[in-house]
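So the structure is just underneath, and the comments pick up after that.
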Amino acid sequence: MAASKVPTVKFNNGQEIPALGLGTWLCKEGEGVEAIKTAIDAGYRHIDTAYFYQNEKEVGEAIRAKIEEGVVQREDLFVTTKLWNTYHHPDHVEQAFQKSLENLNIEYIDLYLMHLPIGYKFVDWDSKELMPKDADGKLEFSDVDYVDTWKAMEKLLKTGKIKSIGVSNFNSEQITRLLSECEIKPVTNQVECNPGINQKKLIEFCKDLDITVTAYSPLGRPYFYEKEPDNCPKPALDDPKVTEIGKKYNKTAGQIILRYLVEIGTIPIPKSSNPDRIKQNIDIFDFKLTEDEIKVLDGFSTGQRTVPFSLCTGHKYFPFSIEF
């Protein structure tokens with residue numbers, strides 16, 4: 001099977017990002033390395049990771065291996081990682097970025113995101129604790145203003161070690177505030193987006209500002225639904241209406257959903273360690289859905305999140321207290 005060719009989307013700063021990428025949440029150790037190698041062989045040129053995922057070293061190892069094999073060059077790849085919540089203080093941002101760059105060991109990072117607008121209590125640089133909690137087990141926050149964090153990220157752009165900066169899990173009001181108080185516009189807002197929460201209002205809002213939307217958990221979270229069906233919304237993957245559309249195009253339900261997300265204006269980053277699924281997920285650029293089929297997928301949207309960040313409710317910058 002020939003490697004799939006993925007079109008690109010242009011950011012507001014002129015940089016380009018492949019229109020679909022590989023998510024790597026929970027991709028660890030050898031499994032993560034192999035999944036990323038498989039993805040690059042299949043044509044993926046966009047890899048998404050984060051300091052919080054604790055797999056930046058595996059991502060870098062796989063990328064360097066494929067460069068050494070001659071499959072790709074560094075400039076062929078688009079790599080995203082993220083500033084974790086414990087490092088929001090402006091004094092910590094550059095060092096946190098440097099840790100990610102050293103973990104990846106791939107010369108530069110294409111896109112650096114603020115993982116959440118919410119800061120957590122700073123932990124020592126050598127600590128493995130990424131979710132600091134008090135004696136009662138309650139998550140400990142910081143009150144660092146995300147605007148100040150963003151301004152520190154703007155300074156990072158001048159180092160040349162980052163090509164673009166963006167945000168994740170921001171709502172419309174938080175983006176508006178960034179634009180009014182900062183110099184550099186985010187190139188993307190990475191949010192949960194799938195048929196269950198299709199984010200159409202947020203997508204339109206960002207589009208009007210020339211900010212792209214990257215879709216994490218694009219297929220829902222079928223693994224979590226199987227484990228905890230009462231706490232996780234049912235994904236559209238197994239719905240007969242979706243599989244029926246798939247039969248028309250000789251595509252899987254997952255491919256139909258990913259195509260839908262591309263057509264409503266997002267950049268999906270499905271995560272998989274299954275080689276066949278990795279290859280299927282990228283094979284969505286040879287067909288288009290009809291308006292009626294898009295309406296069928298629209299019909300699944302309830303607004304219920306599979307990633308509600310419930311431990312963060314109560315923080316003054318909790319992003320999900322308004323509609324979008």
Side-chain angles (χ1 to χ4, degrees), residues 1-11 16-24 35-36 38-48 71-72 76-78 80 188 190-204 206-207 212-222 225 233-302 306:
M1 174 180 170
S4 297
K5 181 70 175 171
V6 178
T8 60
V9 174
K10 186 168 280 192
F11 284 152
E16 294 188 2
I17 182 172
L20 180 139
L22 180 76
T24 63
I36 295 152
T38 297
I40 291 172
D41 285 340
Y44 287 75
R45 297 295 179 261
H46 170 189
I47 312 292
D48 182 277
V71 177
V72 288
D76 298 328
L77 297 172
F78 189 101
T80 301
T188 200
Q190 184 178 125
V191 295
E192 178 180 356
C193 185
N194 51 59
I197 178 166
N198 65 22
Q199 301 278 16
K200 280 201 161 181
K201 289 185 177 179
L202 184 61
I203 292 166
E204 193 61 32
C206 288
K207 184 180 179 183
T212 64
V213 171
T214 305
Y216 73 73
S217 296
L219 302 175
R221 299 179 103 189
Y225 176 75
K234 185 177 181 179
L237 266 175
D238 298 324
D239 192 280
K241 294 190 288 290
V242 182
T243 53
E244 193 60 33
I245 295 171
K247 287 177 186 175
K248 172 182 170 183
Y249 298 104
N250 195 27
K251 298 291 182 181
T252 66
Q255 288 170 314
I256 296 300
I257 290 170
L258 292 171
R259 182 68 217 182
Y260 164 74
L261 293 172
V262 167
E263 294 200 18
I264 65 171
T266 77
I267 301 163
I269 47 170
K271 182 266 171 185
S272 182
S273 297
N274 179 303
D276 291 336
R277 199 78 39 74
I278 288 170
K279 293 167 187 172
Q280 286 173 0
N281 286 345
I282 199 174
D283 188 21
I284 62 165
F285 295 101
D286 57 352
F287 74 105
K288 290 190 77 167
L289 299 173
T290 66
E291 286 186 23
D292 286 342
E293 288 161 350
I294 288 173
K295 285 178 185 173
V296 170
L297 273 295
D298 284 343
F300 288 97
S301 191
T302 64
T306 69

Practice item. Report the C-alpha separation of Lys200 and Thr266 in whole Å, then their side-chain angles, then the decisive distance to 0.1 Å, and conclude whether the side-chain contact (heavy atoms from CB on, under 4.5 Å) test is met. Key: CA-CA 10 Å; Lys200 280 201 161 181; Thr266 77; over 6 Å; no
**Study point:** Derivation of the side-chain contact (heavy atoms from CB on, under 4.5 Å) call for Ile267 and Leu20
**Key:** CA-CA 5 Å; Ile267 301 163; Leu20 180 139; 5.7 Å; no
Practice item. Decide yes or no on side-chain contact (heavy atoms from CB on, under 4.5 Å) for Arg45 and Phe78, but give the supporting numbers first. Key: CA-CA 6 Å; Arg45 297 295 179 261; Phe78 189 101; 5.9 Å; no
**Study point:** From CA spacing to verdict: side-chain contact (heavy atoms from CB on, under 4.5 Å), Ile245, Val296
**Key:** CA-CA 9 Å; Ile245 295 171; Val296 170; 4.1 Å; yes
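In this structure, Val191 and Val213 have side chains that are in contact, with non-hydrogen atoms separated by less than 4.5 Å. Two residues are said to be in side-chain contact when any heavy atoms from C-beta on lie closer than 4.5 Å; Val71 and Ile40 meet this criterion. A heavy-atom distance below 4.5 Å is not found between the side chains of Ile47 and Thr80. Using a 4.5 Å heavy-atom cutoff, the side chains of His46 and Leu22 are not in contact.
Partners of Lys247 by salt bridge (charged side-chain N to carboxylate O under 4.0 Å, His left out), not counting sequence neighbours, listed by chain and number: Glu244. Here Lys201 pairs with Glu323 under the salt bridge (charged side-chain N to carboxylate O under 4.0 Å, His left out) rule; sequence neighbours left out. The side chain to side chain contact (heavy atoms under 4.5 Å, CB included) check on Ser272 picks up Asn274, Arg277, Ile278, Asn281, with sequence neighbours excluded. Listed by chain and residue number, nothing satisfies the salt bridge (charged side-chain N to carboxylate O under 4.0 Å, His left out) test with Glu204 (two or more places apart in sequence, or in another chain). Remark: Tyr260 engages Asn198, Asp298 in a side chain to side chain donor-acceptor pair (under 3.5 Å) (not counting sequence neighbours). Listed by chain and residue number, Glu192 satisfy the side chain to side chain donor-acceptor pair (under 3.5 Å) test with Asn194 (two or more places apart in sequence, or in another chain). Judged as a side chain to side chain donor-acceptor pair (under 3.5 Å), and not counting sequence neighbours, the contacts of Gln255 are Thr252. Applying the side chain to side chain donor-acceptor pair (under 3.5 Å) criterion to Ser217, with sequence neighbours excluded, gives no partner residue. Looking at residues two or more places apart in sequence or on another chain, you find a side chain to side chain contact (heavy atoms under 4.5 Å, CB included) between Lys10 and Glu16. With sequence neighbours excluded, no residue forms a side chain to side chain contact (heavy atoms under 4.5 Å, CB included) with Asn250.
Minimum interatomic distance between Gly43 and Val6 (heavy atoms only, all atoms of both residues): O-CG2, 4.4 Å. Across every non-hydrogen atom of Pro218 and Pro268, the tightest pair is CB-CB, 4.0 Å.
The CD1 atom of Ile269 sits 9.5 Å away from atom OH of Tyr216, with the distance rounded to the nearest 0.5 Å. Between atom NZ of residue Lys241 and atom CD1 of residue Ile256 there is a gap of 14.5 Å, rounded to the nearest 0.5 Å.
Applying the ring-ring contact (aromatic ring centres under 6.0 Å, His included) test to every pair with at least one member in residues 270-301, sequence neighbours left out, gives these pairs: Tyr249-Phe287. Judged as a salt bridge (Lys or Arg N to Asp or Glu O under 4.0 Å), the pairs with a partner in residues 260-273 (not counting sequence neighbours) are, in order, Arg259-Glu263.
Ion pair Asp286/Lys251 flagged as a salt bridge, since at least one NZ, NE, NH1 or NH2 atom sits closer than 4.0 Å to an Asp/Glu carboxylate oxygen. No salt bridge links Lys279 with Asp41; every basic N to acidic carboxylate O contact stays at or beyond 4.0 Å.
Formation of a donor-acceptor pair under 3.5 Å by the Thr8 side chain with backbone atoms of Pro18 is not found in this model. Thr243 places no side-chain N or O within donor-acceptor distance of the main-chain N or O of Ala253, the cut-off being under 3.5 Å.
Evaluated for a side chain to side chain contact (heavy atoms under 4.5 Å, CB included) with Leu297, the options Ile264, Leu261, Asp239, Ile257 yield exactly one hit, Ile257.
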